[in-house]
K.L.:
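Quick one: structure below, then a few questions.
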Amino acid sequence: MFKSNSKALLSKLGPLLGLLLIVIIVTILNPSFATASNILNVLRQVSISALIAFGMTFIILTGGIDLSVGSTLALTGAVAASMLASGMDPILTMFVALILGTILGAINGIIIAKGKVAPFIATLATMTIYRGLTLVYTEGRPISGLGDSISFQMLGKGYFFGIPVPVVTTALAFGVLYFILHKTTFGRRVYAVGGNEDASRLSGISVDRVKIAVYSLTGTLAALSALILTSRLNSAQPTAGTSYELDAIAAVVLGGTSLTGGRGWIFGTLVGALIIGVLNNGLNLIGVSSFFQQVVKGAVILIAVLIDRKKTV
Amino acid sequence: MIEMSGISKAFSGNVVLQDVQFSIADGEIHALMGENGAGKSTLMKILTGIYARDTGEVKVDGQPVVFHSPKEAEALGIAVIHQELNILPALTVAENLFLGNEKTYGPTGILKTREMNKEATRILAKLGLELDVRQLAGELSVGKQQIIEIAKAIASDAKYIIMDEPTAALTDREIETLFSTIHELKAKGISFVYISHRMEEIFAICDRITILRDGQYVGVRTIKDTTFDEIVQMMVGRELGERFPERNVKIGEVKLEVKNLSCDHVCQNIDFSVRKGEVLGIAGLMGAGRTEVAQAIFGYRKKTAGEIVIDGQKVSIANPIQAMNHKIAFVTEDRKSEGLVLDFSIKENMMLTNLEKISKTGIVNKVREEDICQGYIEQLRIRTSSANLAVKSLSGGNQQKVVIAKWLGTEPEILILDEPTRGVDIGAKKEIYTIINELAEQGVAVIMISSELPEVIGMADRVLVMHEGKQTAILQQDELTQETIMHYATGGEKGVQI
């Protein structure tokens, strides 16, 4: 009994140990990694991708996947930027962007749950559609001149007691999502649907509603990261968020969540996102060429998954 | 012949086999019996090289052997046919038969398809199965798939075939074919290890029977010289008393009426009622549409006609949630695919149906959850040290009790049980019967689907018999015999009794 518990704990802590190892190696190779300013920088970079990865965790736990997150980010970012550029109230803008993200996610969820389309196919299609809509909307050009409203500027560039606001936002989001996933009946249903959809349906869980909810939630989170990104860059790019879905999926998998659903936790995803962030930053500091960086990142993901495999067999 | 002696095996200190012996003579059908968790499958896994033994000796034809992998056991002619068949539905019968053993033009890897088809036809014909071997295996009935598995073993020159619950999914006719196949092969000197919970079958087909209990060898008996009672006693280690416990119940008014229910062609014009405190059995062969009737009542399958009346009120039930609102509970046939979330703990599974009970605001109250689940564990005598253990770690009987607990929490007034004791050992079976009786005594209307005729006869007040989607009879308790039920289950009509 104790044995199996400690084993489970070890497998949960595996990703964390991996992160520590990478941090140590990077620090040895270039001590400037461990400076406060660099670490805050890493955290700020990670915060955007982590938000999306949190949503992806919920989706993958139900046994689904969402390839459209990057496009959702681009479209909501563009809409928010153009609203600001035309002088709209920043709070209202943020609100509209979050709602739009939620709707885009809900559309994914409805196609998957009610239309019974495989999540991979459904979101592959909406990924293309949302990206296309972004290009149509922006006419393929970046949107800038967002004005200087303090509340919007703070979102991406501000500091809260010396900590970047995006990091604070992501930490708060993590806390709330952790609570939802592990302490509420909704979280329990997410695991149940991914663990055994038929049994869940037969137990009176409205599987469709759970699915629509997780995709909507991910849409909201993609919009939130769009706002942070737009604020940081002070503009919206029509190509923003390209291949973010892959980083998000990688973070979820690195964190030990099973792609078949039902097994995993959101803390692992946070660690997974940090691993990717530290790698990106660390490889730059060490002076690895940007082409070779991709090889290293891919190899790390592969090694992590292989180790995970070994453990479960 | 195979002789195993002094076999012990422990997993991380947990002894699952201790000094067990087992032998198989040539051309013998040897049953291996024991309650779930008695160590049958571990013993067979040692025999087939999946597990290494800690102590003991295995001899094949007098030669001591040590298997390091299943391949080595296979090479000596030991084959296993698992309960879940290893048939690839999208391949043809012949392709399945030669899977991993294909005949090719030397090392080119190019298949000799025609030759394999011919050979497959020949092998199957010998087993009494005439069919087009180019047909997809998935199109065959489970019974025929099983025979293909046996043929596969034969094709790889197996001399010892281990069969795990081979008849669980077969109709009576298919069982007959299977048995005659086994008999023919036995005459040719092939031996079988037959693992089953079904006593009637074991007495019908086996020569000897070895009984294990709690990882220990209890004894071996020749079928001719033993009785049901002796075997049961050896298995459970105590007198079990009556197989079906007594039920003291006053049957009340009509609770559920199903009128003219149809769903496409799978079930047609089903018409029956159940009273409070009554147990209605539904009997029939595999595929007769019994499960479909249950699913339709529970809103898990679309009804094409008919109505459902509860307490005299016509109700509409289009999904399981609505069924649950009408206090219906459904213990499904296949607990692994439809009953449990296998990655969940015992307590998480128990709470699946009524999460509201443990949360006011959507936040799970873990203390209350623990309390409720502990209550069920005691009430249903579930053998586990904690409600937090994975449900996977439980034996079949205890898993089934978890499924029942899941539904007790919804306080059902109508309880549908589909094969409630499948894959459950004798001791746990009786406990499940007792639970059903207790619920009936509390006034729950119970519908029990079962393929085990003694169980239907022992438990039900009345029995609805189905054949190919149609209702062929509703039998009263004094009419219940295995012969009568089988008569209607095979499509017999009223009045023309054989």
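Throughout, a chain's letter reflects where its sequence line sits, starting with A, and its residues are numbered from 1.
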K.L.:
Using a cut-off of under 4.5 Å on heavy-atom pairs, state which of B:S393, B:P320, B:G362 scores highest against chain A.
P.N.:
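Counting heavy-atom pairs under 4.5 Å, the top option is B:G362.
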K.L.:
Taking CZ in A:R209 as the centre, count heavy atoms belonging to other residues, nucleotides or ligands within less than 6.0 Å. Is the count above 12?
P.N.:
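At most 12 heavy atoms, drawn from other residues, nucleotides or ligands, come within 6.0 Å of this atom.
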K.L.:
Should the heavy atoms of other residues, nucleotides or ligands under 6.0 Å from NZ of B:K392 be counted, would the total exceed 12?
P.N.:
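Enclosed: over 12 neighbouring heavy atoms sit under 6.0 Å from NZ of B:K392.
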K.L.:
Are more than 12 heavy atoms from other residues, nucleotides or ligands located less than 6.0 Å from atom NZ of A:K116?
P.N.:
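Check passes, neighbour count above 12.
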K.L.:
Under 6.0 Å from the NZ atom of B:K357, do we count more than 12 heavy atoms belonging to anything else shown?
P.N.:
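Check passes, neighbour count above 12.
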K.L.:
Ignoring hydrogens and geometry, is there a side-chain-to-backbone donor-acceptor pair from A:N196 to B:G339 under 3.5 Å?
P.N.:
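The answer is no, because no donor-acceptor pair under 3.5 Å joins these two groups.
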K.L.:
Need one label for A:Y191: side chain, backbone, both or neither, based on atoms under 4.5 Å from any heavy atom in chain B.
P.N.:
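Interface part for A:Y191: both.
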K.L.:
To the closest 0.5 Å, what do you measure between CD1 (B:I321) and OG (A:S206)?
P.N.:
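Answer rounded to 0.5 Å: 4.5 Å.
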K.L.:
Which atoms of B:T332 come close to chain A, meaning under 4.5 Å heavy atom to heavy atom: side chain ones, backbone ones, both, or neither?
P.N.:
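For B:T332, the side chain is the part near chain A, not the backbone.
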K.L.:
Pick whichever of B:F298, B:F330, B:W407, B:Y300 has the most heavy-atom pairs under 4.5 Å with chain A.
P.N.:
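The option with the most such pairs is B:Y300.
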K.L.:
Do the side chains of B:E356 and A:R188 get close enough for a salt bridge, i.e. N-O under 4.0 angstrom?
P.N.:
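No salt bridge links B:E356 with A:R188.
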K.L.:
With a 4.5 angstrom heavy-atom cut-off, could you sort out which part of B:L340 is near chain A: side chain, backbone, both or neither?
P.N.:
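Just the backbone, heavy atoms under 4.5 Å.
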K.L.:
Taking A:L202, A:I180, A:T185 one by one, which has the highest count of heavy-atom pairs under 4.5 Å against chain B?
P.N.:
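Sorted descending by pairs with chain B, the first entry is A:L202.
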K.L.:
Provide the closest heavy-atom pair for B:K406 versus A:S203 in the form atom of the first, atom of the second, distance.
P.N.:
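That would be NZ-OG, 2.8 Å.
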K.L.:
Sort out for me which of B:N354, B:N319, B:D343, B:D334 touches chain A most, counting heavy-atom pairs under 4.5 Å.
P.N.:
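Most heavy-atom pairs under 4.5 Å with chain A: B:D343.
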K.L.:
For chain A, which candidate among B:S337, B:S359, B:A323 shows the most heavy-atom pairs at distances under 4.5 Å?
P.N.:
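It is B:S337.
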K.L.:
Sort B:K366 into side chain, backbone, both or neither according to what part of it lies under 4.5 angstrom from a heavy atom of chain A.
P.N.:
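Just its side chain gets close to chain A.
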